[in-house]
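Throughout, protein chains are lettered first and strands after them, A, B, ... in sequence-line order, and every chain is numbered starting at 1.
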Number of protein chains: 2
Amino acid sequence: MSDQTDAVATPIRTAVADDDGIDFTLIELFFFAYRDFTSDPDEILTDYGFGRAHHRVLHFVNRRPGLTVAELLDVLKITKQSLARVLKELIDTGHVVQLQGPKDRRQRELYPTAKGRALALVLAKPQSRRIHAALKEASAGQRDSIERFLKAMVNPELRAQIDIVPKNAG
Amino acid sequence: MSDQTDAVATPIRTAVADDDGIDFTLIELFFFAYRDFTSDPDEILTDYGFGRAHHRVLHFVNRRPGLTVAELLDVLKITKQSLARVLKELIDTGHVVQLQGPKDRRQRELYPTAKGRALALVLAKPQSRRIHAALKEASAGQRDSIERFLKAMVNPELRAQIDIVPKNAG
DNA sequence: AAAATATGTCAATAATGCTGACATATTTTG
DNA sequence: CAAAATATGTCAGCATTATTGACATATTTT
């Protein structure tokens, strides 16, 4: 009886692999890729006294100018209280401004300032460069596959969040 | 003069888009995909009183049985003190065991127990299912593109960490 | 007028990370 | 063999990002 109550549990010496019917290869690659994907902006952010949370807010305010606090909470999947401090700091430092909603004056529409736009671009640049480098040898069709894959990884009921920004809104 | 000292900074009402020479589409998709990719195991982990940090340790101990503490720190890119608490909890709950290194007795080789292996599979299952569903319509060649892309997103000098586990170690 | 909604704020707490310092056991070096 | 280097463990303090619960204010809807 080698159950949990044994003083010493038996070590398993074989590695799990894709054989177990589980795609460990892609699971692990996704972890490594995202770890390094976020590392570039993380370094820049420390110079500004900001963290990854500030980056996320700044990104979406630049991506969807005029979105409300509620919409931002829904996209980030965090609570109002978690957002509060981060948003306040971005407002206090002049990266983001709030405007009263034109139709519903309870709402606060969030917009980037020129300063906030500039920082968003600075943060996105190394990420875009990394993506561009990773796609170097990929064809246009392969890029489409990757885009479709990433989109399909998102919960179906939340995929609408992605489509808010048209492919080339410019 | 609309600089930062102005009482009210001017809001920018246009959205950033890929036009700015930055691949915001993939940047954002990567964020959404990873957010939902980690949400499944996160929910399961709360039932065990564990967090995402425990999951990462458990994953790599199952993936590379016998890896040392130093190797684990290198893979996770965290400090020894950060790992300590999480690792201790996994050991105390019988998910992971430490064996003295056979050659260098200072080292502690980390192995999963049957309990730890089982939990790793439970956590990986929904992630694998999500990947599988996302690849549903993709051809084998497209899967390769995605794998190559994710691998290319990892810092070149750290890509060796990925290759430690052979494609089909089974 | 009452209820619902959007936002803001306060207080307390948890998870995960950090730095710095130091102890122990073991291996390597001179 | 003694000294230095290495691998690990641990303590104390702290920062960031998240959580829940409670409550206040302004505004809109019923």
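Between L135(B) and L26(A), some side-chain heavy-atom pair lies under the 4.5 Å cut-off. Put simply, the side chain of L150(B) reaches to within 4.5 Å of the side chain of F30(B), judged on heavy atoms. Looking at L119(A) and Y48(A), their side chains come closer than 4.5 Å, going by heavy atoms from C-beta outward.
Between the CG atom of L72(A) and the P atom of dA18(D) there is a distance of 11 Å, given to the nearest Å. Distance L110(B) CG to dA7(D) C1': 12 Å, rounded to the nearest Å. Atom CD of Q100(A) and atom P of dT28(D) are 8 Å apart (whole Å). Taking atom CG on L90(A) and atom P on dG8(C), their separation rounds to 13 Å, with Å as the unit. Remark: C1' of dA18(D) and NZ of K88(A) are 19 Å apart, rounded to the nearest angstrom. The CD atom of Q107(B) sits 10 Å away from the P atom of dT27(C) (whole-angstrom rounding).
Distances were taken from every side-chain heavy atom of R106(B) (C-beta onward) to each of dT26(C), dT5(C), dG8(C); the shortest belongs to dT26(C). You'll find that the side chain of K80(B) is closest to dG9(D), out of dT28(D), dA6(C), dG9(D). When each of dT10(D), dG17(C), dT19(D) is scored by its nearest atom to the side-chain atoms of I78(B), the top-ranked nucleotide is dG17(C).
Along DNA chain D, the nucleotide nearest Q81(B) and the nucleotide nearest E71(B) are compared for position; the residue whose nucleotide lies closer to the 5' end is E71(B). Toward the 5′ end of DNA chain D lies the nearest nucleotide of T79(A), the other residue of the pair K103(A) and T79(A) mapping further downstream.
Using a 4.0 Å heavy-atom cutoff across all strands shown, Q98(B) reaches sugar-phosphate atoms only and no base atom.
Residues T25(A) and D18(A) have side chains that bring a donor and an acceptor to within less than 3.5 angstrom of each other. Checked by atom type, the side-chain pair R130(A)/N155(B) shows a donor-acceptor distance below 3.5 Å.
Taking a cutoff of 4.0 Å between a charged side-chain nitrogen and a carboxylate oxygen, K88(A) and D92(A) qualify as a salt bridge. Under a 4.0 Å N-O distance rule, the pair R143(A)/D23(B) qualifies as a salt bridge. Under 4.0 Å is where a charged nitrogen must lie from a carboxylate oxygen, and between R117(A) and D20(B) no such pair does.
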Could you summarise the pairing of DNA chain D as dot-bracket text, marking Watson-Crick and G-U pairs under 3.5 Å with ( ) or [ ] inside the strand and | across strands?
||||||||||||||||||||||||||||||
Would you tabulate the pairs of protein nitrogen or oxygen atoms and nucleotide nitrogen or oxygen atoms of nucleotides 13-17 of chain D closer than 3.5 angstrom?
residue : atom : partner : partner atom : Å
dT17(D) : OP1  : G51(A)  : N            : 3.4
dT17(D) : OP1  : R52(A)  : N            : 3.1

Below 3.5 Å, can you tabulate the donor-acceptor pairs from side chains in residues 54-61 of chain A to any protein atom, sequence neighbours excluded?
residue : atom : partner : partner atom : Å
H54(A)  : ND1  : G51(A)  : N            : 2.9
H54(A)  : NE2  : E89(A)  : OE1          : 2.5
H59(A)  : NE2  : E28(B)  : OE1          : 2.8

